[in-house]
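Worksheet: the structure to be examined is printed underneath.
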There are 2 protein chains.
Amino acid sequence: MVDNILPRPTKHLADEKSDREGGCFVTKLFGKRAQNREVQEARILEAATTCFVRAGFHGASMNDICSEAGMSPGALYRYFPSKESIIETIVAAHRKASAEILDRMSAYDNIIDALVMVGMEHIHQKSATSTGDGVGDANARIFAEIRAEAIRNEAVAAQCELYEGQMREQLLSAISAAKNRGEIDPIGDLGLVAATLAAMGEGVIMRNFPAQGVPVEALEPMFRALAVAILRPVKA
Amino acid sequence: MVDNILPRPTKHLADEKSDREGGCFVTKLFGKRAQNREVQEARILEAATTCFVRAGFHGASMNDICSEAGMSPGALYRYFPSKESIIETIVAAHRKASAEILDRMSAYDNIIDALVMVGMEHIHQKSATSTGDGVGDANARIFAEIRAEAIRNEAVAAQCELYEGQMREQLLSAISAAKNRGEIDPIGDLGLVAATLAAMGEGVIMRNFPAQGVPVEALEPMFRALAVAILRPVKA
DNA sequence: CAAAAAAGAGCGAATGTTCGTTCTCGTTTA
DNA sequence: TAAACGAGAACGAACATTCGCTCTTTTTTG
């Protein structure tokens, strides 16, 4: 899955050569060829995301993706070794983008505001592997697909766990810090409190209210009420 | 060899005959054959549910379902005309079971208690088309699968909408009744409030906390806090 | 009521299609 | 000039579904 950096290896002389000429090595990493590779990979991921949003991971065929990317199967398979690897890349990008939203919590000195920001940013989030001009609810659709896929696909589950483990930790440490400085008085066990907040937030994200005509601003008080109810800020 | 070419024709006298003797009619509806049909259909649905929980709607093949049901494809296809129809039947049963939990809300004179009951009952809910001795989290798994399938499959989306429309109405009328009798002071628009409650509840159900070692009782205060935060009961 | 006919139930091999992937070969690039 | 790129036909496996057939149950007929 990771070794798609050197398609069709024929490894026997490769090491000798890269030892022999260093210029080749630099070209490999930063030259036109390498740049093109990145561009093509991005093109494939974007096309795949479009197809997956439309038909799901299993409903979209490799031919669909090829057509969407304007590429033949032979070409596409030079960049990704399998459909599975495309799915895993997209899942990882999606969950990573979610995790990065949590990084911004530290900019807030108020845990409630921080949580509201996390929720609202997720609502606004665009699919990490598409350039925005597709269906508006692409992110919510992909998210539902990922949750279902994680149940049956171990590799996808591992990708989710990788980033969601980080998210759990960040959430937990933010909450316990707020508790320690006397800002809140959460109901129940902190781990459960964090998990419940995350699960309830996910429920709203998946329901994709903006696509149903609900204005995004209307969701802010909902997130705030949720955070207040579970964390119980103490009066100043 | 050649003369058995016409084995299954001749429907022409059927109507006359069923008019002639009512006994046939009764036999058709309640006789051994009809009973057997129901038993077989249930057997297929249970086997299909097991396979779908294990591998998803698209990951499970008809052969898998046949093996699980101890039945040949030829036999199975006598009871369901397609895989699609099995999926739709299971989806409808699942969503119907959810909707029926809401029916019990009317037994409560307190809207908060009623909502907590709805949440907890969903946590305890077993898949409607299986006889319980399978994986404990079958219901949550199927639910995630349904949500993803509803995005791409119009028929499944319609089944969901049918029952979820009922659920929305029940929730909305319960909330507005409580508001009218001065029991609560909900934040924001009632429709949005109901939708948010449902979405957040779904998030918890899908996360399937009991399967992750969280005791079910621990979830009750979470549901209660959620309901209190969104509906804001007024002090007596 | 017995015999005959029809319909139902079941099996498992066969069918036609779709799909992910690979192969072959011509073209471009460094 | 050798490696990378790319196109598109081809391949083999898997899949949902159907077919031909046998055996059993129900219904009709003489």
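Letters A, B, ... mirror the listed sequences (proteins, then strands); counts begin at 1.
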Pair listing, ring pair (Phe, Tyr, Trp, His ring centres under 6.0 Å) test, anchored in residues 35-59 of chain B, at least two apart
B/F52-B/F57

Listed pairs under 3.5 Å, donor-acceptor, residues 66-77 of chain B side chains, sequence neighbours left out:
residue: B/S67; atom: OG; partner: B/N63; partner atom: O; Å: 3.0
residue: B/E68; atom: OE1; partner: B/R54; partner atom: NH2; Å: 3.2
residue: B/S72; atom: OG; partner: B/A75; partner atom: N; Å: 3.3

For B/L102 versus B/M167, what's the shortest heavy-atom pair and its separation?
CD1-O, 3.5 Å

For A/R141, what residues pass the side chain to side chain donor-acceptor pair (under 3.5 Å) criterion, not counting sequence neighbours?
A/D137

What residues form a side chain to side chain donor-acceptor pair (under 3.5 Å) with A/E202, not counting sequence neighbours?
A/R147, B/R207

Any side-chain donor-acceptor pair under 3.5 Å between A/T129 and A/T49?
yes

How close or far is atom C1' of C/dG20 from atom CD1 of A/I65, stated in whole angstroms?
10 Å

side-chain contact (heavy atoms from CB on, under 4.5 Å) filter on B/A174, not counting sequence neighbours, yields B/M105, B/I111

Can you check the A/Y79 OH to C/dT21 C1' distance for me, whole Å?
17 Å

Applying a 4.0 Å non-hydrogen cut-off, can you work out what B/F80 is touching in the nucleic acid: base, sugar-phosphate, or nothing?
nothing

Take the protein atom NZ of B/K83 and the nucleotide atom C1' of D/dA14, then report the distance between them rounded to whole Å.
11 Å

Under-3.5 Å N/O pairs linking protein and nucleotides 7-10 of chain D:
residue: D/dA7; atom: OP2; partner: A/S72; partner atom: N; Å: 3.1
residue: D/dA7; atom: OP2; partner: A/S72; partner atom: OG; Å: 3.3
residue: D/dA7; atom: N7; partner: A/S72; partner atom: OG; Å: 3.3
residue: D/dG8; atom: O6; partner: A/G74; partner atom: N; Å: 3.2

Candidate nucleotides C/dT21, D/dC15, D/dG6, ranked by approach to the side chain of B/S61 - the nearest:
D/dC15

In whole angstroms, how far is the P atom of D/dT24 from the CZ atom of B/R37?
21 Å

Contact check, residues 148-158 of chain A vs DNA chain C, heavy-atom distance under 4.0 Å, returns none

Between C1' on D/dC19 and CG on B/L76, what's the gap in Å once rounded to a whole number?
16 Å

Protein-nucleotide distance (A/E84, atom CD; C/dC19, atom P), rounded to Å:
17 Å

Does A/Y77 make a side-chain N or O approach to OP1 or OP2 of D/dC5 shorter than 4.0 Å?
no

Atom pair distance, as rounded to whole Å: CD1 in A/I86 and P in C/dG20:
10 Å

A/R168: salt bridge (Lys or Arg N to Asp or Glu O under 4.0 Å) partners, not counting sequence neighbours:
A/E161

Numerically ordered, the residues 52-59 of chain A set in heavy-atom contact under 4.0 Å with DNA chain C is none

Enumerate the side-chain hydrogen bond (donor to acceptor under 3.5 Å, both in side chains) contacts for residues 79-93 of chain B, please, sequence neighbours excluded, ordered by first and then second residue.
B/E84-B/N153

Rounded off to whole Å, could you give me the CD1-to-P distance for the B/I44 and C/dA9 pair?
11 Å

By salt bridge (Lys or Arg N to Asp or Glu O under 4.0 Å) - contacts of A/E121 (at least two apart)
A/R104

Side chain to side chain donor-acceptor pair (under 3.5 Å) involving B/T196 - partner list, sequence neighbours excluded
none

